[in-house]
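Working notes, structure below.
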Amino acid sequence: MKPIYLKTKVLENNKICDGIYKLTIKDNRDIKSGQFYMIKPKNAFLGRPISVCEVKDGCVNFLYAVVGKGTEDFMNLKPQDEIEVMGPLGNGFEEKKYGKIALVAGGIGIAPMVQLAKKLKEAGNELIDLYVGFRDESYLIEEFLEYVDNVNITSNTGKVGIKGFITEILEPSKYDTVLCCGPEVMMEKVVEMCKKAKVNIYVSMEKHMACGVGACLVCTCKSKSGNKRTCKDGPVFNGYEIEF
């Protein structure tokens, strides 16, 4: 499949905190929690995969961290600047009734959890608890308050929440299903904990991508049934199937 980008304009591009920004575009299509877009600022050669953060009022919000030249180009975008987008892509999370749920995120992995929390609330789940680990400063927490029952925060420095890692306060045995997104080392630990507790676990994998449609094989990850394309077969996988 040849990647097809569409031209659109930036509606907003706001700084949330140091190094973290929220980009908004217009898009009325049906979008699933955990899906992503490939986004290219004008004159960029390759798009960058950015997770959908929230779908609201015919607009799509994306949260991104400025970590290199590519995302620095995003940081400089202004309202009405032209960009190219391709999406929504990927399979996303199942927006259904699980029962008692823990949403577990690390850093920028919090992004897809906003739309997911909203949809899980609409599905009538019994309990939705949010667990987020930050390095230092917290962000986006207020977006969750109407959708989740409890918010649990840790930080490496202790500036917000409990000092330490989110895996130190998570108890998977309290839940029917855990849905996770964040650094791979964190997700590997969460999967190990869920296996031990015999709890369902789904993870959103993050890999470098070039095409976004499964053609280039740059984003391959290992599973028990062979190599999988994160962009096409994922990014959401059953944690029991992934080989970290």
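Just so you know, these numbers come straight off a predicted model, no measurement behind them. Because only heavy atoms are used, hydrogens play no part in the values below, and waters and symmetry mates are left out as well, while side chains stay in.
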How long is the span from the [atom1] atom in [X] to the [atom2] atom in [Y], to the nearest 0.5 Å?
| X | Y | atom1 | atom2 | answer |
| --- | --- | --- | --- | --- |
| Asn91 | Phe36 | CG | CZ | 9.5 Å |
| Ile162 | Asn152 | CD1 | CG | 7.5 Å |
| Asp233 | Cys219 | CG | SG | 8.5 Å |
| Lys42 | Glu82 | NZ | CD | 5.5 Å |
| Ser223 | Phe244 | OG | CZ | 11.5 Å |
| Asp81 | Lys9 | CG | NZ | 9.5 Å |

Practice problem: Let me see the working for Leu127 and Asn150 under side-chain contact (heavy atoms from CB on, under 4.5 Å), right down to the final yes or no. | Solution: CA-CA 9 Å; Leu127 176 70; Asn150 300 287; 4.1 Å; yes

Practice problem: Output yes when Glu143 and Lys56 qualify as a salt bridge under the 4.0 Å nitrogen-oxygen rule, no when they do not. | Solution: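 Here Glu143 does not pair with Lys56 in a salt bridge, since their nearest N and O are not under 4.0 Å apart.
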
Practice problem: Please determine if Lys97 and Glu126 form a salt bridge, counting it only when a charged side-chain N lies under 4.0 Å from a carboxylate O. | Solution: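 Salt bridge absent between Lys97 and Glu126.
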
Is the closest side-chain heavy-atom distance between [X] and [Y] below 4.5 Å?
| X | Y | value |
| --- | --- | --- |
| Pro88 | Tyr37 | yes |
| Lys118 | Leu116 | no |
| Asp18 | Lys15 | yes |
| Ile50 | Leu23 | no |
| Tyr139 | Ile110 | yes |
| Glu146 | Lys121 | no |
| Leu89 | Cys231 | no |

What pair of heavy atoms forms the shortest contact from [X] to [Y], and how long is it?
| X | Y | result |
| --- | --- | --- |
| Lys100 | Lys174 | CD-O, 3.8 Å |
| Gly109 | Pro112 | O-CD, 3.4 Å |
| Met113 | Cys181 | CE-N, 3.5 Å |
| Lys26 | Gly58 | CD-O, 3.4 Å |
| Cys53 | Leu140 | SG-CD2, 3.8 Å |
| Tyr202 | Phe93 | O-CE2, 4.1 Å |

In terms of hydrophobic clustering (I, L, V, M, F, W, Y; side-chain heavy atoms under 4.5 Å; direct or indirect links), are [X] and [Y] co-clustered?
| X | Y | answer |
| --- | --- | --- |
| Leu145 | Leu63 | yes |
| Val203 | Tyr240 | yes |
| Ile169 | Leu103 | no |
| Ile166 | Met193 | yes |
| Tyr175 | Met186 | yes |

Taking [Y]'s backbone N and O only, do any of them form a donor-acceptor pair with [X]'s side chain (distance below 3.5 Å, no angle check)?
| X | Y | answer |
| --- | --- | --- |
| Asp27 | Cys59 | no |
| Glu241 | Lys224 | no |
| Asn227 | Thr220 | no |
| Arg29 | Gly87 | yes |
| Glu95 | Ser33 | yes |
| Lys232 | Thr230 | no |
| Lys22 | Glu12 | no |
| Tyr131 | Thr154 | no |
| Asn61 | Thr24 | no |

Quiz prompt | Over-ring placement of Lys228 relative to Phe237, 6.0 Å and 45° cut-offs | solution =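 Checked: cation-pi criterion not met.
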
Exercise. Ignoring hydrogens and angles, state whether a donor on the side chain of Thr157 or Asp136 is under 3.5 Å from an acceptor on the partner side chain.
Key: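 Side chains of Thr157 and Asp136: pair found under 3.5 Å.
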
Self-check item: Asn200 and Tyr98: side chain donor to acceptor below 3.5 Å
Solution: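 Judged by distance alone, the side chains do not pair up.
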
Practice problem: For Lys32 and Glu94, run side-chain contact (heavy atoms from CB on, under 4.5 Å): C-alpha distance rounded to whole Å, both residues' side-chain angles, the deciding distance at 0.1 Å, then the answer. | Solution: CA-CA 8 Å; Lys32 194 173 182 180; Glu94 289 294 326; 3.3 Å; yes

Self-check item: Worked verdict on Ile141 versus Phe134 for side-chain contact (heavy atoms from CB on, under 4.5 Å)
Solution: CA-CA 11 Å; Ile141 296 299; Phe134 296 101; 4.1 Å; yes

Quiz item: Does atom CG of Asp30 have more than 12 heavy-atom neighbours from other groups under 6.0 Å away?
Solution: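 Open: at most 12 neighbouring heavy atoms sit under 6.0 Å from CG of Asp30.
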
Exercise. Step by step, work out the salt bridge (charged side-chain N to carboxylate O under 4.0 Å, His left out) result for Glu192 and Lys195.
Key: CA-CA 5 Å; Glu192 290 175 359; Lys195 285 181 177 178; over 6 Å; no

Quiz prompt | Candidate pair Cys221 and Ile242, rule side-chain contact (heavy atoms from CB on, under 4.5 Å), full reasoning | solution = CA-CA 8 Å; Cys221 64; Ile242 293 296; 4.2 Å; yes

Exercise. May I ask you to check whether Tyr21 and Phe74 place their ring centres under 6.0 Å from each other?
Key: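 Distance test on ring centres: not under 6.0 Å, no.
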
